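A quick note: this is a predicted structure, and the numbers were derived from the prediction, not measured. Just the heavy atoms: all of them, side chains too, but no hydrogens, waters or symmetry mates, feed the values below. Residue numbering restarts at 1 for every chain, and letters A, B, ... go by the order of the sequence lines.
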2 protein chains.
Amino acid sequence: MPYLRICICPIMIHVSISVEQAEFLPACSSRNFLICVPSTHAAAVVRDLAMSTNKGGGGGKKEVKKETKLGMAYKKDDNFGEWYSEVVVNSEMIEYYDISGCYILRPWAMEIWELLKEFFDAEIKKLKLKPYYFPLFVTENVLQKEKDHIEGFAPEVAWVTKSGKSDLEAPIAIRPTSETVMYPYFSKWIRSHRDLPLKCNQWCNVVRWEFSNPTPFIRSREFLWQEGHTVFATKEEADEEVLQILELYRRIYEEFLAVPVSKGRKSEMEKFAGGLYTTSVEAFIPNTGRGIQGATSHCLGQNFAKMFDITFENEKGERSMVWQNSWAYTTRSIGVMVMTHGDDKGLVLPPKVAPIQVIVIPVPFKDADTTGIKGACESAVYTLNQAGIRADLDARENYSPGWKYSQWEMKGVPLRIEIGPKDLANKQVRIVRRDNGTKVDIPSTDLVEQVRVLLDGFQANLLETAKAKRDACIVIISTWDEFIAALNDKKLILAPWCDEEEVEKDVKARTKGELGAAKTLCTPFDQPDLPSGTVCFASGKPAQKWSFWGRSY
Amino acid sequence: MPYLRICICPIMIHVSISVEQAEFLPACSSRNFLICVPSTHAAAVVRDLAMSTNKGGGGGKKEVKKETKLGMAYKKDDNFGEWYSEVVVNSEMIEYYDISGCYILRPWAMEIWELLKEFFDAEIKKLKLKPYYFPLFVTENVLQKEKDHIEGFAPEVAWVTKSGKSDLEAPIAIRPTSETVMYPYFSKWIRSHRDLPLKCNQWCNVVRWEFSNPTPFIRSREFLWQEGHTVFATKEEADEEVLQILELYRRIYEEFLAVPVSKGRKSEMEKFAGGLYTTSVEAFIPNTGRGIQGATSHCLGQNFAKMFDITFENEKGERSMVWQNSWAYTTRSIGVMVMTHGDDKGLVLPPKVAPIQVIVIPVPFKDADTTGIKGACESAVYTLNQAGIRADLDARENYSPGWKYSQWEMKGVPLRIEIGPKDLANKQVRIVRRDNGTKVDIPSTDLVEQVRVLLDGFQANLLETAKAKRDACIVIISTWDEFIAALNDKKLILAPWCDEEEVEKDVKARTKGELGAAKTLCTPFDQPDLPSGTVCFASGKPAQKWSFWGRSY
């Protein structure tokens with residue numbers, strides 16, 4: 001008997017389906033008879049589940065195979081939000097947790113995070129950054145020392161007020177970021193110009209108890225990040241490092257995640273609370289027409305130095321105030337990658353961050369030399385691993401090759417190698433690309449070389465395709481009407497702007513609505529010509545610069 | 001004018017001294033004019049500071065040199081507690097934080113943590129452990145599901161009750177450990193025998209809001225650890241893994257930290273709350289006569305599986321309950337190493353975990369070929385680095401060689417290379433060992449080879465010395481009187497025991513006192529003969545086993 005059992009709790013709806021029917025479900029693996037969906041998606045999921053169950057009711061093997069090709073219940077272009085939730089869960093990156101806004105990061109996400117960390121940590125160690133670990137907790141007193149800073153974070157701070165059954169003497173905050181945790185000690189450690197520069201980095205969790213729209217990776221109440229905090233004797237050194245780090249962030253997005261980003265500077269309204277200026281790499285999600293901040297590198301100037309009394313004796317024996325930076329990128333980066341490359345079959349992973357770059361699947365037809373095929377598969381995996389390529393074998397006997405194809409497509413593995421009787425006879429393997437589905441037969445002797453070429457091409461193709469899609473969304477406008485039209489059209493708007501805070505506030509107010517207001521995303525470093533006489537699209541005053549505008553995550 | 005300025009806050013006493021007097025302070029570096037000491041040590045520190053300041057009042061260069069050789073204000077054998085606090089702070093591993101029980105881990109500690117992590121993470125990945133990240137938070141409801149477990153942790157749980165200015169609907173706990181965070185999801189993910197084994201590991205912070213005696217590394221309210229959580233179909237697999245992991249923990253202590261440990265099993269009283277049995281590696285601190293749990297590998301049996309409904313369909317189609325393990329080691333391991341090897345000059349680091357294994361110091365006498373000496377130093381560092389040895393150059397010009405010797409001794413760097421005019425002329429370097437102070441002149445051509453030999457010898461010597469000291473503390477007893485005598489004598493007591501919980505409770509009650517009660521440390525796997533007729537030292541009943549007893553951290 002097919003059945004659906006639905007349990008509803010305040011946060012999640014648990015849907016159990018009968019074992020017999022499991023295979024008929026879109027995107028349902030044997031591990032996942034019980035699936036969780038956000039309450040907001042419940043109606044749609046239940047509808048789809050019911051449909052699938054009915055459809056599969058009298059089905060046999062043949063229909064199962066067809067169904068598994070579907071993979072996903074939602075299409076990226078039809079219902080982006082549901083598609084995203086589905087892809088992060090079904091690819092086994094994310095499991096929803098029973099506290100809203102918190103998510104479990106599963107190996108398929110964590111292995112990507114580790115690969116990014118490996119790159120970034122080695123790069124910052126070349127820049128002489130040192131590893132630190134500062135406490136999770138900060139006292140109210142210290143947290144509130146920099147007024148603008150705490151104003152920016154106060155509404156999102158989680159407070160510990162009890163231990164065991166006792167009340168604490170005073171509430172203690174969980175770090176939303178660590179400026180106020182660290183800087184009292186910077187003040188203590190820095191006495192002379194010889195103590196500079198001071199360069200700290202830590203990999204840790206932070207907590208921001210936001211109430212708006214939690215989304216896996218993109219907006220969560222706890223997330224993982226690195227935070228760099230550096231102290232210099234001069235503004236020039238600080239300025240230089242801001243851009244060095246920003247370039248590393250660009251490389252994370254473009255070289256590793258294959259996500260095109262714009263480097264630029266944030267407006268006064270959008271800069272880091274308490275800082276001097278903020279630079280960022282900004283990505284764009286064409287499906288929703290929203291910009292998304294990829295990572296930020298802030299020059300804090302001397303504001304915090306003043307509040308926390310961080311001074312040093314310079315070479316002439318005079319007291320000077322230090323210059324500071326802070327910069328961070330987070331697990332959000334993984335979400336931006338999923339949104340950018342994923343398709344209706346699931347995730348698409350850039351080879352550089354794919355935990356498995358090549359999945360090898362034996363295709364043993366009836367009466368074929370099963371042992372020979374398995375041996376060839378094992379040998380292919382071994383050869384690729386020896387060459388430093390992350391390859392794995394899917395030798396499970398309780399799944400058909402077709403089912404495995406779907407599952408690894410769902411998980412976004414860049415290349416699939418199929419080895420069947422014909423391949424064995426011809427001493428070749430068939431390679432199928434996840435991004436465009438093209439198939440090619442390769443002599444086994446050329447395996448490593450050809451796989452390398454394909455992986456490189458795959459990586460480059462992902463970035464190019466994403467860049468073309470992003471660029472196609474960029475619209476240069478010059479009037480308010482054009483601005484509104486482009487905004488409604490989900491474009492990434494490049495507009496001449498007078499650079500006045502009041503005008504940005506005004507644009508926000510005038511575009512307020514269900515989808516959220518428009519704001520500046522950044523002023524890109526790469527500026528088009530600004531002929532004299534160009535006026536601001538919003539105020540009519542003389543334009544100072546071109547800035548990206550739009551809605552954002 | 002020499003002066004001391006003392007500011008007292010509830011947690012710390014800040015002592016500022018004048019710049020002119022800084023050099024006369026024991027263990028005072030130029031970065032550290034303002035030093036923090038725990039309130040409990042205040043009187044002694046102030047006394048010493050005052051003495052040093054008076055002594056140095058009219059001093060010149062010569063006396064400065066003498067003073068810096070002192071390095072530490074406390075001696076390990078005279079006042080172990082103060083010595084320990086001083087060594088972790090002055091070596092720049094730890095900075096005291098303004099929340100009691102929380103500490104800042106500085107690079108000199110974090111780099112050791114990273115080296116340990118590199119080893120351990122690679123080893124568990126060979127065992128097919130996968131990286132996960134589960135949330136920091138857990139609901140009250142879930143936390144309380146396993147009764148024994150929560151009883152063990154409840155008094156130490158920190159609760160978040162507010163975000164911003166709003167009260168949360170229900171308090172949320174910060175993980176003291178993640179069994180209850182993870183296992184509801186294990187229940188969901190595991191359906192069939194094909195989903196087993198499930199092997200999760202995460203590197204993260206945990207919080208246990210303890211009120212007894214916070215001590216850097218050893219007992220802190222937040223600490224870093226890895227926690228492995230694994231699920232098997234059979235008890236045999238679980239039992240096997242418990243010991244595989246325990247062996248990795250032994251290697252961390254003995255091969256890396258050069259700390260001798262005993263592998264064994266915990267008594268029923270001392271096992272993990274809610275688990276089936278606990279194994280551990282136990283170290284011993286001769287100076288305090290206290291045992292210290294180094295790391296634990298627990299078999300949880302089926303207790304949690306029952307509470308969280310973690311079952312699977314076995315090959316015969318029957319529902320079975322899983323078997324689980326959990327295991328962890330923490331930043332405490334660094335503290336055990338400091339306590340074991342440190343001496344009156346400061347830290348002593350085993351080469352395998354020393355962030356710098358060799359410090360190279362130019363010794364330019366008057367009229368010497370300074371450029372030549374500096375070049376030889378740079379070349380030595382380059383040659384060693386190329387050979388994979390962590391060497392660094394201390395070329396600071398504002399410190400004398402003698403001052404540098406003291407500082408790097410304080411930081412525990414295993415080998416010091418000195419290059420002066422004579423060495424330059426003879427194409428040799430002088431190498432000084434941190435552990436025993438022996439000096440040897442080595443031809444520059446043999447540098448890498450000889451340094452390797454010395455580092456290996458250093459590592460082996462540290463373990464041997466520590467083992468000899470530990471072994472000298474082991475006393476085999478057979479009666480209550482012998483037990484009490486050995487306990488008062490700070491020994492590590494090996495005693496025949498009836499293995500009854502009531503008897504351990506009774507021993508605890510009878511030895512209660514200022515220094516804490518005695519308890520079992522572990523029953524070592526390596527058991528001496530137990531002749532029939534041997535009786536329990538405490539109850540007089542037939543003895544079942546030899547167990548280690550003593551006071552512990």
Side-chain angles (χ1 to χ4, degrees), chain A residues 30-34 36 95 97-99 102-107 109-111 113-114 130-139 142 154-165 171-172 174 182 184-185 188-192 194-195 200 202 204-205 207 209 211 221-222 224 331 396 398, chain B residues 30-34 36 95 97-99 102-107 109-111 113-114 130-139 142 154-165 171-172 174 182 184-185 188-192 194-195 200 202 204-205 207 209 211 221-222 224 331 396 398:
Chain A
S30 73
R31 327 184 125 213
N32 254 324
F33 292 149
L34 200 148
C36 276
E95 179 73 69
Y97 190 64
D98 72 343
I99 296 174
C102 293
Y103 304 95
I104 297 165
L105 302 184
R106 301 179 72 176
M110 282 305 291
E111 285 172 352
W113 185 241
E114 288 186 350
K130 289 283 187 181
Y132 282 75
Y133 187 77
F134 283 78
L136 176 68
F137 299 117
V138 54
T139 60
V142 174
E156 301 172 2
V157 170
W159 293 94
V160 176
T161 63
K162 285 175 60 178
S163 75
K165 294 193 171 178
I172 292 177
I174 300 182
M182 295 180 173
Y185 300 89
K188 186 179 162 186
W189 295 334
I190 295 166
R191 298 281 132 181
S192 142
R194 295 192 190 93
D195 302 323
C200 303
Q202 69 181 12
C204 65
N205 54 345
V207 172
W209 208 264
F211 286 91
R221 285 176 168 173
E222 182 194 6
L224 303 183
T331 34
R396 291 176 293 175
N398 55 318
Chain B
S30 73
R31 327 183 127 213
N32 253 323
F33 292 149
L34 198 149
C36 276
E95 180 73 69
Y97 189 64
D98 73 341
I99 296 175
C102 295
Y103 304 94
I104 297 164
L105 303 184
R106 301 180 72 177
M110 281 306 290
E111 285 171 353
W113 186 242
E114 288 185 352
K130 289 283 186 182
Y132 281 75
Y133 187 76
F134 283 79
L136 176 67
F137 299 116
V138 54
T139 61
V142 174
E156 302 172 359
V157 170
W159 294 93
V160 176
T161 63
K162 284 176 60 179
S163 75
K165 295 192 171 179
I172 291 177
I174 300 181
M182 294 180 175
Y185 300 90
K188 186 179 161 186
W189 295 335
I190 295 166
R191 298 281 132 183
S192 142
R194 295 192 190 93
D195 302 323
C200 302
Q202 68 181 13
C204 64
N205 55 343
V207 173
W209 208 262
F211 286 91
R221 285 176 168 173
E222 183 194 6
L224 302 183
T331 35
R396 290 175 293 176
N398 54 318

Could you check whether any side-chain heavy atom of [X] comes within less than 4.5 Å of a side-chain heavy atom of [Y], counting everything from C-beta outward?
| X | Y | result |
| --- | --- | --- |
| B:Tyr133 | A:Asn205 | yes |
| B:Trp159 | A:Ser163 | no |
| B:Val160 | A:Val207 | no |
| A:Lys130 | B:Glu111 | yes |

Measure distances from [X] to the heavy atoms of chain A and classify the residue's part below 4.5 Å as side chain, backbone, both or neither.
| X | result |
| --- | --- |
| B:Phe137 | both |
| B:Pro155 | backbone |
| B:Glu114 | side chain |
| B:Tyr103 | backbone |

* Given the options B:Leu224, B:Ile174, B:Ile172, which has more heavy-atom pairs under 4.5 Å with chain A than any of the others? ->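 Most heavy-atom pairs under 4.5 Å with chain A: B:Leu224.
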
* Asked: Side chain, backbone, both or neither: which part of A:Ala158 has a heavy atom under 4.5 Å from chain B?
  ->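 A:Ala158 touches chain B through backbone and side-chain heavy atoms alike.
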
* With only heavy atoms counted, which part of A:Lys162 is less than 4.5 Å from chain B, the side chain, the backbone, both or neither? ->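 Both the backbone and the side chain of A:Lys162 come within 4.5 Å of chain B.
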
Which atom of [X] lies closest to which atom of [Y], heavy atoms considered:
| X | Y | value |
| --- | --- | --- |
| A:Val138 | B:Tyr97 | CA-OH, 3.7 Å |
| B:Met110 | A:Pro131 | CB-O, 3.4 Å |
| A:Glu222 | B:Leu136 | OE1-N, 2.8 Å |

* Structure fact -> Across all chains, not counting sequence neighbours, the side chain to side chain contact (heavy atoms under 4.5 Å, CB included) partners of B:Thr139 are A:Asp98, A:Ile99, B:Asn141, B:Val142

* Nearest 0.5 Å, what's the SG-CD1 distance between A:Cys200 and B:Ile104? -> 9.5 Å

